[in-house]
Amino acid sequence: MVLATLVPLQAVAFGLVALGAPLVVLTRDPLRQALVNGIYGVSLVCLFVVLEAPDPALSMLAVSGIGYPLVILAAVARVRGHERTEEDEEQ
Amino acid sequence: MTWIPPLLVAIPLLTAAVTAGLDHVTPRRLQDAIVVAASAATTALAFVLLWHAESREVVHWFGGWQPRHGVALGIDFAVGPLAAGMCAVIGLVVTLALVYSLTFLHEAARLYDALMLVALGAMCGFAMSGDLFNLFVWLELMAVAAYALTGFQVERLGPVQGAVNFAITNSLGGYLFAIGIALIYARTGSLNLAQIGDTLSHGPAGGLVIVAMTLLFCGFLIKGAIVPFHLWAADAYAVAPAPVCAVLGGVMTDIGLIGVSRLYWTVFDAPFGHGHAVGDVLLWLGMVTAVLAGTMAFLQRHLKRMLAYSVVCHIGIMLAGIGLLDSSGLAGAELMFLAHALLTAGLFFVAGILHSDHGLIDELHLHGRARGCWAPAAAWFAATIGLIGAPYVGIYLGHGLIDEGATELGRPWVLALLWLGSALAGAALLRAGARIFLGWGEADDPLLGQALEEDPLERDVLRPLLVAVALAAVVLGVAISVVPGLGQRAEYAADRFQDRSGYAARVLRGHPFPATPSLPVTIRHTSVESLLYSGGATVLACALALVGLYRRRLPRFVTVAARRTLALPIHVLREVHSGVVGDYVAWVTVGTAFVGGVWALLLHG
Amino acid sequence: MSRQVRLLLLGSGLLGLGALFAWAIAGLPAFGDYQGPYGFVLNRIVLPLRHTTNVVMGTNFDVRGLDTMGEEFILYASVVGVTLLLRDETRTRLAERRTRRFRDDTVRLVGVAMVGAGLLIGLWLMAFGYITPGGGFQGGVVTAGAIVLLYLVGNHRDYRPFRNEHLLDPFEAVGAGGYVIVGLAALASGTAFLANLFGLGTPGMLRSSGSIAILNWASAIAVTVAMLLLFAEFLETYVVPLEPEDAGS
Amino acid sequence: MSYLPFAVAAWICLVGIAGIATSRNLIHLAICLTVTQSSSYVLLLSVGYVKHGKAPIFIGTKLGTTAVDPVVQALTLTDIVVSVVVIALILALALDAHRLSGTVDPDQITDIAG
């Protein structure tokens with residue numbers, strides 16, 4: 001059955017991933033990049049699902065939904081927080 | 001005896017996990033004892049394994065997944081004398097480093113011990129593994145431990161920079177390696193090295209295999225710090241604590257070369273073994289590395305950075321030996337690895353002693369400050385002579401075997417370049433030793449650039465222990481060339497290592513091992529050329545060291561001419577070693593594309 | 001080196017690398033035409049030999065169990081490494097400012113509901129990993145995430161027991177070390193390292209797959225604790241726990 | 001469609017490397033590293049895909065049903081773990097760099113050179 005609907009789906013998923021990668025790289029602001037990276041992660045999850053790989057898809061979902069954001073946001077907040085306190089001191 | 005190989009991985013890893021778990025229950029001294037004992041036990045088992053591997057191939061299939069009808073299912077450790085010997089040296093150096101660290105590092109000792117043991121297990125696993133993806137796992141494991149150990153002294157920016165550059169370039173190398181694995185898997189449908197080699201020996205090789213080989217080898221060459229992938233090494237080794245440097249510089253860099261030789265003789269010898277293109281590229285990379293890194297070593301004043309370049313230089317010589325693709329070249333690289341690992345570790349240990357005595361390891365700042373420290377001085381000079389390879393000292397025998405290989409292949413110029421490299425690196429070490437321990441030369445030299453910032457370490461060290469460990473490493477390393485029977489055994493191990501179809505038959509089909517020839521127990525003699533070159537290199541190193549110390553006393557026209565011709569190249573060299581990771585990544589892409597391009601031209605059609 | 005030189009180098013390198021990739025791709029079998037044999041052999045033998053319906057997990061925890069042991073230790077080494085690298089950071093944090101607490105009750109309620117759901121999903125992923133998609137790693141990450149959520153939306157004291165290294169370290173040791181011990185037990189019983197020792201049970205049931213189930217749980221514990229420590233190490237450097245006296249206010 | 005998946009993987013890899021080499025922020029750089037690594041998952045899973053293949057999970061299906069390659073999926077799982085680990089380590093180093101020098105720009109962290 002599936003092949004007729006699966007092939008276009010796969011093509012779309014590959015297209016999304018191919019578009020997502022440069023978007024992540026070109027977003028230079030880390031906070032916004034974390035968000036774009038999350039969306040890229042979701043597109044990878046979709047791709048894994050249409051490639052019949054549910055285990056990697058779940059793993060990717062857990063990592064890009066929980067793992068990456070937590071560490072990245074904590075790091076960004078730390079770096080930003082520092083900058084803000086330094087500015088406060090200057091004022 | 002097939003139960004030994006998994007233990008070499010399991011013992012250090014389990015100990016690492018357990019020491020962390022029992023940290024708050026056991027006293028510090030007991031933990032130290034457990035850690036050192038685990039590492040020593042691993043080393044001892046590796047020696048037992050070496051003894052057994054002499055007369056058979058020790059193959060362990062994990063999970064009991066034996067191959068069926070010649071198709072490999074699980075992961076195997078396949079151990080010949082070469083792999084077992086590597087494990088033994090790795091274990092020895094890590095054990096020495098752990099003993100050295102007992103009093104050298106007090107802070108965060110539990111975390112440090114755990115990472116060192118993890119690195120030991122990973123390196124042993126890497127040396128024995130017969131599975132392509134499993135190699136990647138051990139590579140990443142040792143890398144993760146090494147990144148954190150490099151950044152150990154987080155109170156300064158230098159270690160952080162060194163660790164960042166190390167982590168980013170080596171991770172990139174890992175990813176290239178992973179892509180290479182995917183390509184090979186697509187072509188052969190297998191991850192077992194023996195089976196991939198079998199599959200590739202039928203049918204045309206094609207672009208896919210050439211590109212996959214490029215990616216896999218470049219992944220290893222990044223790890224092995226070969227020009228132009230070497231830039232991270234000097235940054236990382238300059239900042240890590242001395243015992244960590246001893247492990248990273250002494251054995252972990254060489255892991256890349258173990259990978260290259262393992263992969264070549266189990267896999268890529270099948271499609272490309274009839275020509276010499278693969279080996280020639282490795283040979284040239286090795287020679288360029290040896291000379292360039294030797295020069296860079298001569299331009300350093302920071303002892304650990306100087307030693308880092310010296311390590312890279314000798315790695316280059318070993319890669320050249322492997323690139324000769326014959327058994328004396330490989331045997332030479334193997335023997336050099338033994339001597340080089342111990343001597344380099346010894347030199348880093350001495351640098352650590354100087355650091356704890358004076359709070360700095362800058363050649364010019366230390367000018368004459370270590371006069372009368374006889375034991376460290378003796379260790380330093382003996383190790384330096386051993387690394388230059390004076391006749392029958394240290395790396396000499398290994399270097400001599402590489403010379404024989406090159407001469408047999410009709411490439412005598414290889415000898416000249418390689419000996420030049422080791423003379424340059426040796427000259428730098430001799431100069432530094434003479435300045436620090438003898439107070440020779442001037443206390444200032446603008447040629448050597450700016451001093452790096454450094455902080456004193458904890459001073460609460462047991463100095464005799466540090467000196468004893470350093471001396472032990474150096475004595476063992478210096479003696480390698482005169483151990484009776486070692487040269488012949490290295491050649492035999494290399495022969496076995498290069499027999500691809502024999503290896504595949506033993507691993508996949510369980511063929512019995514042919515009878516071992518009885519090997520003589522005498523000192524292996526080398527050719528007259530090697531003796532002459534080795535003597536020449538020693539004299540050249542001494543002369544260059546003297547020039548470095550007293551170059552202001554040279555006649556004026558010589559210094560002016562030298563400055564005119566050398567100023568620009570030296571400036572360019574220093575600019576290339578910029579310390580900026582973006583540059584390093586650019587070099588990695590260029591280097592990979594270049595190596596792949598050359599192989600594409602030479603191997604295609 | 002100037003940025004222009006770097007861009008020039010990078011551009012030529014990427015061009016060359018791109019050409020190499022294109023050449024390699026031309027030699028690959030077309031998408032969907034992969035010929036095997038390794039994976040296809042496993043698809044045929046893992047279920048009958050190991051009673052594991054999820055062949056990916058059967059591969060991960062049995063046929064290629066050694067890779068997963070290495071993977072557990074990669075995670076372990078990174079936790080140790082991050083603790084090592086951030087030890088100064090953690091020391092200086094005490095001088096830093098306090099965090100705001102989420103006071104809004106709805107936020108808390110939603111948060112608590114999500115924590116509950118997260119824990120359940122995490123445990124479900126762990127438990128059925130070798131039967132349906134999922135497994136120790138995925139379940140571990142989700143569970144750790146749920147516990148951290150507890151910390152973020154709730155009172156910080158709720159999280160403090162989990163942050164206590166004296167409590168967590170033994171679990172980490174049990175998780176990563178347990179994997180090795182299962183391997184050694186098999187070796188000691190005279191078979192190969194990591195050989196499957198236990199009764200295989202009925203395919204599709206929780207009591208199936210022998211050692212795979214135990215290794216799955218060992219890795220679930222190791223991953224949960226590792227992730228928890230990792231997240232904590234990062235959040236700790238940002239968020240400061242409240243002092244006991246103002247926790248009650 | 002027959003070579004598009006592999007081309008996508010190669011494209012992601014190149015884009016990621018370009019991002020790493022030109023990055024001015026270590027946090028951005030760490031994310032670019034994960035993008036580069038994602039190319040290896042895409043490649044692995046595309047390589048192991050089989051037309052008409054099902055996921056390699058045999059509940060209620062007959063043994064011998066065409067299924068995609070399970071090995072590449074197992075490898076991808078390990079690879080994903082590696083990527084989390086690497087990003088965590090590099091971010092930890094970024095925090096250290098920021099604490100010591102006030103910047104996370106790798107071009108400005110040049111304590112050692114030459």
Side-chain angles (χ1 to χ4, degrees), chain B residues 133 136-137 140-141 143-144 147-148 151 154-165 167-168 171-172 174-179 181-183 185-187 189-191 234-235 238-239 296 299-300 302 305 448-450 452-453 573-575 577-586 588-589, chain D residues 6 9-10 13-14 16-24 26 29-30 32-34 36-48 69 71-72 74-76 78-79 81-83 85-90 92-101 105-114:
Chain B
F133 192 79
F136 172 76
V137 170
E140 289 292 330
L141 179 55
V144 167
Y147 305 154
V154 279
E155 61 275 13
R156 289 183 295 123
L157 188 57
V160 176
Q161 184 199 349
V164 164
N165 293 357
I168 290 168
S171 298
L172 184 60
Y175 305 159
L176 293 179
F177 192 80
I179 294 175
I181 293 177
L183 293 177
Y185 188 70
R187 166 77 168 75
S190 173
L191 290 171
D235 297 349
V239 295
M296 282 308 290
L299 296 176
Q300 302 304 316
H302 185 274
R305 200 165 161 84
L448 304 184
Q450 301 290 312
L452 301 179
E453 181 210 351
L573 263 184
R574 282 200 191 277
E575 279 290 295
H577 296 77
S578 60
V580 179
V581 71
D583 295 346
Y584 295 4
V585 171
V588 166
T589 57
Chain D
F6 311 127
C13 178
L14 297 178
I17 294 177
I20 299 168
T22 58
S23 183
R24 303 300 296 260
L26 281 174
L29 194 154
C32 289
L33 268 174
T34 66
T36 313
Q37 193 167 17
S38 66
S39 72
S40 64
Y41 327 143
V42 173
L43 184 61
L44 276 170
L45 293 178
S46 310
V47 157
D69 189 306
V71 174
V72 291
L75 305 190
T76 306
T78 305
D79 223 9
V81 177
V82 171
S83 87
V85 162
V86 168
I87 199 173
L89 275 171
I90 291 181
L93 288 167
L95 289 184
D96 277 330
H98 185 263
R99 176 171 50 84
L100 293 164
S101 68
D105 181 355
D107 288 7
Q108 287 177 27
I109 306 172
T110 48
D111 227 33
I112 25 176

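This is a predicted model, so every value here is computed, not measured. A, B, ... follow the sequence lines: proteins, then strands. Residue 1 opens every chain.
- Here the shortest heavy-atom pairing between B:G579 and D:T110 reads O-CG2, 4.4 Å.
- Between B:Y185 and D:L75 there is no side-chain heavy-atom pair separated by less than 4.5 Å.
- If you measure heavy-atom distances from B:L299 to chain D, you find no contacts under 4.5 Å at all.
- The heavy-atom pair separating B:E155 from D:L100 by the smallest distance is O-CD2, 3.4 Å.
- For D:L89, the part sitting under 4.5 Å from any heavy atom of chain B is the side chain, from C-beta outward, and nothing else.
- When the candidates D:T78, D:V72, D:T22, D:L14 are compared by the number of heavy-atom contacts under 4.5 Å with chain B, D:T78 comes out ahead.
- The most heavy-atom pairs under 4.5 Å with chain B, out of D:V82, D:V86, D:L33, come from D:L33.
- With a 4.5 Å cut-off on non-hydrogen atoms, D:I90 touches chain B through its side chain but not through its backbone.
- Scanning all heavy atoms of the two residues, the minimum distance from D:D111 to B:G158 falls at OD2-N, 3.4 Å.
- Most heavy-atom pairs under 4.5 Å with chain D, from the set B:A143, B:S578, B:A234, B:A167: that is B:S578.
- Only the side chain of B:V239 comes within contact range of chain D, judged by heavy atoms closer than 4.5 Å.
- Counting heavy atoms from C-beta on, the side chains of D:L29 and B:V581 come closer than 4.5 Å.
- Residues D:I17 and B:Y175 fail the side-chain proximity criterion, which asks for heavy atoms closer than 4.5 Å.
- Of the two parts of B:Y584, neither the backbone nor the side chain holds a non-hydrogen atom closer than 4.5 Å to a non-hydrogen atom of chain D.
- Closest approach of B:V580 and D:P106 over heavy atoms only: CG1-O, 4.2 Å.
- Of all heavy-atom pairs spanning B:A178 and D:D79, the tightest one is CB-OD2, 4.4 Å.
- For the pair B:L183 and D:L43, the minimum side-chain heavy-atom distance is below 4.5 Å.
- Listed here is the closest heavy atom pair of D:A21 and B:V585: CB-CG1, 3.9 Å.
- Looking at B:Q300, the atoms closer than 4.5 Å to chain D (heavy atoms on both sides) all sit in the side chain, from C-beta outward.
- Between B:I179 and D:C13, some side-chain heavy-atom pair lies under the 4.5 Å cut-off.
- Contact count versus chain D (heavy atoms, under 4.5 Å) is highest, among B:I168, B:T589, B:L141, for B:I168.
- Using a 4.5 Å cut-off between heavy atoms, D:L26 touches chain B through its side chain atoms alone.
- Contact of D:S46 with chain B is not made at all, since no heavy-atom distance falls under 4.5 Å.
- Of the listed residues (B:M296, B:R305, B:E575), the greatest number of heavy-atom pairs within a distance under 4.5 Å of chain D belongs to B:R305.
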